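Notes follow the structure.
So you know, we letter chains A, B, ... as the sequences are listed, proteins then strands, and number each from 1. What you see is a predicted model, and the numbers here were worked out from it, not measured in a lab.
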Amino acid sequence: MSAMSVKNALEDIFQKFLEKQSLFKNREALSHEYLPDSFPHRDEQIKFIAEVMAPALRGFKPSNLFIYGKTGTGKTAVVRYVLSILKEMAGNLFSSLKTFYINCRLVGSEYRVYFTMCSNLGFRVPFTGLSIGELFERFCRYLDESRALFIIVLDEIDALVKDSGDEILYNLTRINEILKYSKVSLIGISNNLKFKELLEPKVLSSLSEEEIVFRPYNASELKDILWQRAKLAFYDGVVDEGTINLCSALAASEHGDARRALDLLRVAGELAEREGSDKIYERHVREAERRIEYDRVMEVMKNLPLHSKLIMCSLYFLEQSSLEYSITGDIYDVYNHLCSLLSTFPLTQRRVSGLINELDSLGLLNARVTSFGRYGRSKKIKLAVEPDLVYEVFSRDSRLKSILNLRLEEICGSPKKRRDRTG
DNA sequence: CGTCCACAGGAATGACGGGCGG
DNA sequence: CCGCCCGTCATTCCTGTGGACG
């Protein structure tokens, strides 16, 4: 193709884009960060949280609050909304009310939580190097110097506790005993209920002086939410009843995740727009569903460390055999062979077992412990994604593409005798 | 009913790179 | 520069275990 015709083609694309009426009036209204000014079906929760937090307006410390509910049930949005109004009103009064919002999954460790809060206060601390005790003392000092009422929101708090323990919560719940001029109140947000079992009773009772549950939305509630946003996001006539119904139904079947529903609608809108359609049809929603999953898996797999990739590869090979599922030992065998093909030192089985669990929680494979009686106890493992996807991602990896076209027998030498596991 | 497989998964420990304060 | 502590990843050693088989 000559340079000229490339240019023409591009101009054509841009021209068509300009001529086309966009379907979106305001794309932002469907994004995760968008804070609407009303929350359908969350009146009760809003009222409750507001009542718990209200004492802050008079400078009293609100009770600690513990919130749980699955992803996409509006916990984060509602809390942020209530706090933003609260701060607004506090600003009109005397009071120095400050809030921290920490997403524990992103922040990750006790140290980094304190670090983040210190930074938000405008104090510079080394981002590593201090002992936690030292950092905590400084943090307390800064809080006291600020002479304010602090509300600390710890979102996805279960992630923090799961790999850092509940020490940080213990410290934060008794921080008021240390502070002279400031007060701290905590809001913990958790995705799963079982989180409570990980806490010591003392911490738990202190953290959840008040407690509230966000139930998943059902399909009809999701519909209301989607309509609210769709009217903001799209021009009239772009979405119809059928589109909204389908999005809500799909999201409702996955534990009523509103975020999911909004994603579906947004991506479906983008697909429809790109196609030049004047409205969103069912096929766009269906395609959006595939697309979202595809993107997610691609993104996660692409960024996997080498050995996790090798584990995925091993499973990919094993699934080409007639076995109904694989177990840890199978994977470790193949994995070992792959390592020697790539002249890499294999990790221990203990570590591989751990990595398999991590891949499971990433949703790339399904692993569940099963007893085979006389034949031991292991994990039944299956791919949770399309094998073609595995192939596609790894064929772009310079280290892996050389082995990806091998067959199982070529890797393990003679086909290993395998116990019958069908049925 | 006990045995024993093939691991699970906890705990302790270590290597390593980063970054402090002195 | 040193000594210390951090988080992360990995190893080593370990005890625990559901249930088919004998």
Side-chain angles (χ1 to χ4, degrees), chain A residues 102-119 123-142 154 156-169 171 194-195 197-200 300 303-312 314-315 318 323-336 338-340 342-362 365-382 399 412 416-423:
Chain A
I102 309 247
N103 184 321
C104 299
R105 195 152 42 147
L106 303 179
V107 172
S109 75
E110 184 172 5
Y111 191 101
R112 294 220 287 264
V113 170
Y114 296 135
F115 174 82
T116 311
M117 290 193 286
C118 287
S119 307
F123 293 96
R124 228 186 65 79
V125 287
F127 85 89
T128 174
L130 299 181
S131 78
I132 285 195
E134 165 72 22
L135 183 61
F136 183 68
E137 273 172 35
R138 286 197 199 185
F139 175 60
C140 291
R141 215 166 61 226
Y142 297 150
L154 296 171
E156 307 202 49
I157 195 171
D158 42 325
L160 181 62
V161 171
K162 202 157 40 171
D163 39 53
S164 302
D166 62 357
E167 202 160 331
I168 179 166
L169 295 181
N171 287 331
K194 278 194 284 179
F195 161 74
E197 296 163 14
L198 299 173
L199 295 180
E200 278 180 43
V300 178
N303 298 320
L304 247 28
L306 176 65
H307 289 277
S308 297
K309 282 185 178 173
L310 286 173
I311 292 168
M312 287 300 287
S314 308
L315 188 54
L318 282 161
L323 291 176
E324 195 197 336
Y325 53 83
S326 309
I327 63 173
T328 309
D330 298 338
I331 291 189
Y332 194 63
D333 273 353
V334 182
Y335 163 82
N336 260 316
L338 292 184
C339 282
S340 68
L342 295 177
S343 324
T344 309
F345 287 112
L347 303 174
T348 54
Q349 178 159 332
R350 177 70 186 86
R351 182 61 187 140
V352 167
S353 170
L355 289 177
I356 289 174
N357 287 344
E358 284 173 27
L359 291 170
D360 176 87
S361 46
L362 286 173
L365 50 76
N366 295 316
R368 71 169 225 279
V369 225
T370 311
S371 173
F372 303 96
R374 185 63 248 279
Y375 303 112
R377 209 161 156 268
S378 183
K379 282 196 274 259
K380 279 188 180 180
I381 304 161
K382 284 190 216 182
R399 287 166 301 188
C412 302
K416 196 181 146 193
K417 247 198 240 166
R418 286 170 187 284
R419 134 174 52 68
D420 178 38
R421 265 194 250 126
T422 45

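For Leu135(A) and dG18(B), the CG to P distance is 21 Å, given to the nearest whole Å. Taking atom CD on Glu358(A) and atom C1' on dA8(B), their separation rounds to 15 Å, with Å as the unit. Between Leu355(A) atom CG and dA8(B) atom P there is a gap of 12 Å when expressed in whole angstrom units. One interatomic measurement links the two molecules: CG of Leu306(A) to C1' of dT8(C), which rounds to 17 Å at whole-angstrom precision. Straight-line distance from the CD1 atom of Ile327(A) to the P atom of dG9(B): 14 Å, rounded to whole Å. Atom P of nucleotide dC9(C) and atom CG of Asn357(A) are separated by 15 Å, given to the nearest angstrom. Counting to the nearest Å, the P atom of dA6(B) and the NZ atom of Lys380(A) are 16 Å from each other. In this structure, Gln349(A) atom CD and dG9(B) atom P are separated by 13 Å, rounded to whole Å.
Tyr114(A) and Phe139(A) have tilted rings, their planes meeting at an angle from 30° to 60° on a 0 to 90° scale. The aromatic rings of Phe115(A) and Tyr111(A) sit parallel to each other, their planes meeting at less than 30°, with 60° as the upper class boundary.
In this structure, Ser353(A) reaches the dA8(B) phosphate: one of its side-chain N or O atoms is under 4.0 Å from OP1 or OP2. Here Lys379(A) does not reach the OP1 or OP2 of dC7(B): none of its side-chain N or O atoms lies under 4.0 Å away.
Taken to the nearest 0.5 Å, the NZ atom of Lys380(A) stands 12.5 Å off from the OG1 atom of Thr328(A).
With no hydrogens or angles considered, a side-chain donor-acceptor pair links Ser353(A) and Lys379(A) at under 3.5 Å.
Ile381(A) has its side chain out of reach of Leu318(A): every pair of non-hydrogen atoms, C-beta onward, lies at least 4.5 Å apart. Residues Phe345(A) and Cys339(A) are not in side-chain contact: their nearest non-hydrogen atoms beyond the backbone lie 4.5 Å or more apart. By the 4.5 Å heavy-atom criterion applied to side chains, Ile311(A) and Leu304(A) are not counted as neighbours.
Tested against Leu355(A), the residues Leu310(A), Leu347(A), Ile331(A) include a single side chain to side chain contact (heavy atoms under 4.5 Å, CB included) partner, Leu347(A).
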*Taking protein heavy atoms under 4.0 Å as touching, what does nucleotides 17-22 of chain C look like 5' to 3' if B marks base contact, S marks sugar-phosphate-only contact and - marks none?*
BBBBS-
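Under the 3.5 Å distance criterion, the side-chain polar atoms of Ser361(A) are left unmatched by any main-chain donor or acceptor of Leu359(A).
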Under 3.5 Å between N/O atoms: give me all the protein pairs with nucleotides 12-15 of chain C, atom names plus distance.
none

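Side-chain proximity of Arg112(A) to the nucleotides dA10(C), dT8(C), dA6(B) is greatest for dT8(C).
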